[in-house]
Amino acid sequence: MDRNGANANGARERYEVQEHDVLVIGAGGAGLRAAVAAADNGLSVGIVTKSLLGKAHTVMAEGGIAAALGNVDSEDGWQTHFMDTMKSGKFINDWQMAEIFAKEAPQRVYELEQWGALFNRTDRGGISQRPFGAHTYRRLCHVGDRTGLELIRTMQEKVLTTESKVYMETTVTKLFKKDGRVVGALAYTRESGKFIYIKAKAVVMATGGWGRIFEVTSNSWEGTGDGVVLSYDAGADLVDMEMMQFHPTGMVWPPGVRGLLVTEGVRGEGGLLKNAEGERYMERYDPQRMELSSRDVVARANYTEVQEGRGTEHGGVALDITHLGYDNIIKKLPTMHEQFLKLADIDIAREPMEVFPTVHYTMGGVKVDPETCASSVPGLYAAGEVAGGLHGANRLGGNSLSDLLVFGRRAGEGASAYVLESTHSAGTDEREVETEIGRVLLPFENKAGTESPYLIQQELQSVMMEHANLMRTEDSLKEGLGKVLGLKDRLEGLRVQGSRLFNPGWHTAQDVRYLVQISEIILRTALERKERRGAQWRLDYDGPDEELGRVNFIVSKDGQGEIGIEPREIPPMPEHLSELFREKVVDSAGGERRGAESQF
Amino acid sequence: MDDRTADGGGLAPQAHANANGTAGENGKTTKLKIFRGDAEGGEEVEYELPMVEGMVVLDAVLNVQAEQAGDLAVRWNCKAAHCGSCSAEINGKPKLLCKTRMEEYDGEEIRVHPLKAFPVIKDLVSDVSWNYEVSRSMTPFTSDAQAPFTMYEEDVERLYEPKKCIECFMCQDVCHVLRTHNKHAEFAGPRFFVRAQWMEMHPMDNQNRLKYLHEERGGVGYCNITKCCTEVCPVGIKITDNAIIPLKERVADEYYDPAKWLMRKLRGNRNGARNGG
Ligand SMILES: Cc1cc2nc3c(=O)[nH]c(=O)nc-3n(C[C@H](O)[C@H](O)[C@H](O)COP(=O)(O)OP(=O)(O)OC[C@H]3O[C@@H](n4cnc5c(N)ncnc54)[C@H](O)[C@@H]3O)c2cc1C
Ligand code: SF4
Ligand code: SF4
Ligand code: FES
């Protein structure tokens, strides 16, 4: 094999050149669905992924995929799904996205079934649906507790039937632009350490979230937010960056698994939350919806119980599903049963789990056009967790998987239409490629450098845990910002050793740049949103602020290369949507589910 | 490799407790040996690190990576035995590193190596891309019925087991047809028999993959039912009994009695939603 080695001593770097109509960055549900759409339009498609095919975060989703099929509760329909999504997002969601989403989700689920995905069934032979937090009706299509695996495997096998070229274990480090359009990217392949310059007429960003900025997270090493920073650097607008979702239930013990997700499916199947005193404390936080309240509410409840001294042995609360009985647990929650047994020596059919909030999902991201998923930069599209807008201030469980397919497809279609209409050519001045390669190789050559990328990452993670957690104050956010800026200065001193061949240290040196940049953006936007709304919970403000309820904070790189933040007015909902919220205050299911309920 | 430094490591930070931010209990430490090298060769290197309660081998490897050997290559994603990334060999047996506790080897030496049935790239990472080529060579699930399908829990129960596969490729690694006899060009391996089996069993699928399995790339005839694959499957798929043997039976039926195959297929399609077929 022709390996480049690490000695880029001024000599011209060799790199491979590839060209595609559409380059999809990311092989989770969103990227794969986008690739299928573009390939179906007869375009040449490249898919880049940091891991092997089938290993993206999507594979870890357990609970299910939300779509108003109405198979179990026939009253369900897109309107209720739309309303649940908006309410949960505290009305700062992009309502147009939410409408498209709720209407198209069922088609995307059926399409998965058409492509071979398996779902649990109702007695009448339809797809079964389970209840989940803050969904009015039973709405999550699932197969046991491994729905994400089913989704990604189905999409992966579908993609392999197309002509798309998949670049596995390959990482994009920069987007190139020409005449204001995105026209390609630089990537490197871990297997050889070699660079690939990929020319493309359009790019679909589908890189997932950035949970790795926190120490306790359900996210894997991949969740470093590369795509949001790459897009920001290319000039794209970002939205709702202050909104990070803390999942109420992550594992707490043993230390190695701290943060690992305990699916909401456990509560969906009837799991009870209790503090060390045995009290079912959700009674005090949301007596109506109890354990199935929205994630932000349950996460704060769990956090508060432990803060106030009612926590369990390892600093969590108890989640009890024993009453379901062994047989049902094995059938409905097999993965959870195995996970606790293997990793924590706990048989969840006999004893409760210990859980505590864990960083899980990023509501914010690249701002996109709802119809086409176009970003504010021509040629750049975004879908999935890296895009923002659909979920507003808090995401409903199960809404991500359907988001991936609905908007993954739309991004693929949007990018295809753009490519088919346009006559521009892919690629840029190759000097830019050389410059970028030089930048990526710097940590090898930085002889004076002393900073370990692993250590900077760990320090950053504890700063964010301390200062940007699920309860925030101005003083603490400011202190955190100071620390993050300190870390930013230290990035110049990064140094790595070894060769370019599959070198995680080198990779981490790229990641920390993203992590630090995103952390700064989050802290700055969290300082701007001076209220309590969904995932943004400011202890120094009493409640929601009406004015702020009408804006999103838009982030973009300003003329000086600094972070620019602008509050942008949310356009009023059109009549056919706003009237849904006026119709009735109490619906047939008996809850105060519409109208002026406690939205916060 | 041209420029690996003598210590073979990354830049170790000066003073830091450990990667998990939890100090080893009572200063207890543990040791493990990790293969360090690439396609051109390598050797085991021993590392000592703080022992943390409940630690899995992956925790130990990542601790070594963060503290002592920054360029140590290992694959992982979920840390929860869901994604199948972290397969490697511990003391010669394929294991998911994230699911194997250090305590399991109490008093024993722990030697971690990459999967052996595939070419090594570096350290614990081997080149498994061959599996994706095999996957591409199979006829995918195909149906002329229009979703939403009418199917029942009993269908789901049959399909659930082969669908659980997390593509860890440990069954591929342990199978002597690949590991010892290197029949990669003519043998798809147990993982893909599992895939073929769910597609063949799916009541809405209208393809026949038996020719592929028998005469083409599948090479199911090479399997002599040693059951080694079943033993290592981390999600408990009974690969031999529930995928390979039924496929072998169908191959026999098909080649001696095609009518039988058709019967099975039709019986599987219990609700008749498929048009023609
Ligand atoms: C444990 C867990 C359980 C969950 N359960 C549910 C659930 O039950 N229901 C639900 O709806 N949601 C769930 N979620 C959320 C949901 O799974 C994710 O939000 C979703 O899968 C994200 O998909 P994606 O396609 O946007 O990105 P991902 O699946 O995260 O994929 C991102 C892809 O981008 C690639 N990538 C990233 N950066 C680069 C780069 N620089 N260069 C090249 N490639 C890059 C990665 O390699 C990867 O292939 C869960 C999440 C977790 C972590
Ligand atoms: S049973 Fe067959 S496929 Fe499985 S390991 Fe033995 S020979 Fe290989
Ligand atoms: S069948 Fe089992 S051992 Fe084989 S790849 Fe799948 S999960 Fe791994
Ligand atoms: S890291 Fe996913 S299976 Fe081990």
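Here is how names work: the chains are called A, B, and so on, in the same order as the sequence lines, proteins then strands, and each is numbered from 1. This structure is a prediction, so every number in the text was calculated from the model and none was measured. All values below were derived from every heavy atom in this structure, side-chain atoms included, with hydrogens, water molecules and symmetry-related copies excluded.
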Which region of A:Trp506, side chain (C-beta onward) or backbone (N, CA, C, O), has a non-hydrogen atom less than 4.5 Å from a non-hydrogen atom of chain B, or is it both or neither? neither
Between B:Asp71 and B:Arg36, is there a salt bridge with N-O shorter than 4.0 Å? yes
Honestly, the part of A:Ala117 sitting under 4.5 Å from a heavy atom of chain B is backbone
Part of A:Thr58 within contact of chain B (heavy atom distance under 4.5 Å): neither
Among B:Ser129, B:Ala81, B:Gly84, which residue has the highest count of heavy-atom pairs closer than 4.5 Å to chain A? B:Gly84
Can you name the nearest heavy-atom pair linking B:His82 to B:Ala80, along with the distance? CD2-O, 2.9 Å
Is it the side chain or the backbone of B:Glu133 that comes within 4.5 Å of chain A heavy atoms, both, or neither? neither
Name the region of A:Arg124, side chain, backbone, both or neither, that has any atom closer than 4.5 Å to a heavy atom of chain B. backbone
Best-contacting candidate, A:Val59, A:Val166, A:Leu52, against chain B by heavy atom pairs under 4.5 angstrom: A:Leu52
Between A:Leu118 and chain B, which part of the residue has a heavy atom less than 4.5 Å away: side chain, backbone, both or neither? both
Is it the side chain or the backbone of B:Val128 that comes within 4.5 Å of chain A heavy atoms, both, or neither? side chain
Interface moiety of A:Gln339 toward chain B, non-hydrogen atoms closer than 4.5 Å: side chain
Relative to chain A, which segment of B:Ile166 carries a heavy atom at a distance below 4.5 Å: side chain, backbone, both, or neither? both
Taking 4.0 angstrom as the limit, do A:Glu222 and A:Lys50 come out as a salt bridge? no
Taking atom types as modelled, find out whether A:Thr147 and A:His142 have a side-chain donor-acceptor pair closer than 3.5 angstrom. no
Please state whether the side chain, the backbone, both or neither of A:Glu111 comes within less than 4.5 Å of a heavy atom of chain B. neither
Between B:Glu167 and B:Asn131, do the side chains contain a donor N or O and an acceptor N or O under 3.5 Å apart? no
Flag the pair B:Lys163 and A:Glu150 as a salt bridge only when some basic side-chain nitrogen lies within less than 4.0 angstrom of an acidic carboxylate oxygen. yes
Of the backbone (N, CA, C, O) and the side chain (C-beta and beyond), which part of B:Pro148 lies under 4.5 Å from a heavy atom of chain A, both, or neither? both
Can B:Leu62 and B:Trp76 be said to form a side chain to side chain contact (heavy atoms under 4.5 Å, CB included), step by step? CA-CA 10 Å; B:Leu62 292 178; B:Trp76 66 280; 3.4 Å; yes
